[in-house]
Amino acid sequence: MSRSAKAPPKGSSSAKKAAAKPNKSSKEGKVAPRADPAADAIAILEADHREVERLFDKFEAAEGDANKRDLANAICVALKVHARLEEELFYPAAYAVLGDKSLIEEAQVEHASAKDLIAQIETGAPGEAFYDARVKVLAEYVDHHVTEEEEEIFPQCRRSKMDLDALGAIMALRKQELMAGFLVSNPILALS
Ligand SMILES: [Fe+2]
Ligand SMILES: [Fe+2]
């Protein structure tokens with residue numbers, strides 16, 4: 001899979017990727033358990049985006065079923081936690097202040113479609129038909145969604161009256177709580 005070959009409809013986020021700080025988690029297949037409590041809401045979400053892009057790139061280069069399984073599991077958990085943060089906290093706050101509500105509604109529909117693919121990946125296994133294809137399509141889907149968030153939704157939120165620092169503090173706590181729950185049920189993600 002060549003992530004550079006996909007065609008996000010509204011520009012590339014490669015410049016942002018290049019400028020982004022590396023995430024604390026660097027071990028293959030291991031997920032970052034904490035968000036920076038000092039980061040504002042958008043910085044937390046953008047750090048999540050960079051982390052999942054890193055995991056998709058690792059999956060693309062991975063060899064061996066065990067490596068692929070660990071990376072796919074890490075991708076699924078990272079995306080599920082991220083989607084919960086957005087759906088429970090960020091999207092409702094953005095919906096309240098943005099003039100164009102359709103952006104948030106479309107983002108939530110895209111989440112639902114991504115969750116269907118995530119569920120298929122979680123019930124599958126590397127080596128099975130369509131497994132790699134599902135991860136590849138999920139990567140393309142997420143890239144499109146992230147581009148819309150970062151180029152359309154987040155800039156409007158930054159120009160709005162949203163209190164991104166206060167929201168970020170709440171989101172950092174919620175992320176720790178959600179990650180703890182997933183890691184308790186999937187300890188291999190933290191220990192491998
Ligand atoms: Fe999203
Ligand atoms: Fe997002």
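Counting starts at 1 for both ligands and their atoms, following the listed order. For clarity, every value in this text was computed on a predicted model and none was experimentally measured.
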K.L.:
Quick one: does Leu85's side chain get under 4.5 Å of Arg174's, heavy atoms only?
P.N.:
yes
K.L.:
Scan residues 108-120 for pairs that pass salt bridge (Lys or Arg N to Asp or Glu O under 4.0 Å), counting only residues two or more places apart or in two chains.
P.N.:
Glu87-Lys115
K.L.:
For His82 and Glu51, test the side chains for any donor-to-acceptor distance below 3.5 angstrom and give the result as yes or no.
P.N.:
no
K.L.:
Are Lys58 and Asp70 close enough for a salt bridge, meaning some N to O gap below 4.0 Å?
P.N.:
no
K.L.:
Angle between ring planes, Tyr91 versus His145, binned at 30° and 60°: parallel, tilted or perpendicular?
P.N.:
perpendicular
K.L.:
Side-chain donor-acceptor pair under 3.5 Å between Glu140 and His144, yes or no?
P.N.:
no
K.L.:
Can you tell me the N, O or S atom of His49 that's nearest the Fe ion (ligand 2)?
P.N.:
NE2
K.L.:
List-wise, which protein N, O or S atoms are found short of 2.8 Å from the Fe ion (ligand 1)?
P.N.:
Glu86 OE1, Tyr91 OH, His111 NE2, His145 NE2, Glu149 OE2
